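In this text, all values refer to a predicted model and were calculated from it rather than measured experimentally. One-based numbering along the sequence shown.
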Amino acid sequence: MLEPPSVKAPSSADGFAEWVRPHLAGMHRLIARLAPGVDADDLVQEALVRAWRKRGQYDAHRGTAAAWLLAIAADQARQARRRHRPSTHIADVSARVRSTDDVIDVEFAVATLPPRQRLAIDCYYFVGLSVIETAAVMGCSEGTVKSTLSDARHRLRPLLEVRDA
């Protein structure tokens, strides 16, 4: 996605709305993956309010608008997950236990990853960010993203293997 020539975020409400519009779907997908069970629409709204308030801090020389907005969205999702830790009931736990007859369950496999690996997988594979954008969201180098993705794939491989019955 091409970035506008401006180095700063637009200061007018209409300009800001147009600037964020192409990134709303990605923000929603990332929030929904990082904070399941929390209203993703509300969190996108909170992320947009935060982005509006911090728009003066955006610098295109440091990263794309998409990466900046998605980093804010990821932070909002992390905060919401901490605030809304649901109490676990026995029925909830049994619903998450896999049967040996189950087909490959990608969501279950990804949920077993450590948070940093899960964030990398979510950004790169489910939201469709590039390695550079994922690095900006995660606040790390491109090399770290690549190694984190490699480690995550290594952990996922045995969980996602198709075995002959």
ILVMFWY network linking I31 to V49, side-chain heavy atoms under 4.5 angstrom = no

Any chance you could measure L48, atom CG, to R21, atom CZ, to the nearest 0.5 Å?
-> 10.5 Å

Under 3.5 Å, is there a donor-acceptor pair between the Y125 and R33 side chains?
-> no

Transitively linked via ILVMFWY side-chain contacts under 4.5 Å: I132 with V137?
-> no

With rounding to the nearest 0.5 Å, note down the distance linking OG1 in T134 to CG in L119.
-> 8.0 Å

Using atom types as modelled and distance alone, determine if a side-chain donor or acceptor of R50 lies under 3.5 Å from a backbone N or O of A47.
-> no

Least distance between heavy atoms, A80 atom then V38 atom = CB-CG1, 4.1 Å

Crowded around R78 CZ? As in, over 12 foreign heavy atoms under 6.0 Å?
-> yes

Nearest atoms (heavy-atom pairs only) where A136 meets A71 | O-CB, 4.1 Å

With a 4.5 Å limit on heavy-atom distance, are the side chains of R116 and C140 in contact?
-> yes

Which value, rounded to the nearest 0.5 Å, describes the distance between D122 atom CG and L70 atom CG?
-> 11.5 Å

Inter-residue atom distance R83.CZ - Q76.CD, 0.5 Å rounding = 7.0 Å

Shortest non-hydrogen separation from L149 to Y124 and the atoms involved = CD1-CG, 3.8 Å

Would you confirm whether Y58, through its side chain, and G63, through its main-chain N or O, come within 3.5 Å as a donor-acceptor pair?
-> yes

When T144, V145, D151 are each screened for side chain to side chain contact (heavy atoms under 4.5 Å, CB included) with T148, the one that passes is T144

Kindly indicate whether the side chain of W68, heavy atoms from C-beta on, has any atom under 4.5 Å from the side chain of H23.
-> no

Check: Q79/D75 side-chain N/O donor and acceptor closer than 3.5 Å = yes

Looking only at heavy atoms, what is the nearest atom pair of A74 and L30, with distance?
-> CB-CD2, 4.0 Å

Taken to the nearest 0.5 Å, the spacing of S150 OG from Q117 CD works out to 9.5 Å

Closest contact, heavy atoms only, G56 versus K8 | O-NZ, 3.8 Å

Spatial distance of atom CH2 (W19) from atom CG (L69) [nearest 0.5 Å] = 5.0 Å

So, does R81 use its side chain to make a donor-acceptor pair with the main chain of L34 at under 3.5 Å?
-> yes

Shortest non-hydrogen contact between A66 and E133, atoms and distance | CB-OE2, 3.9 Å

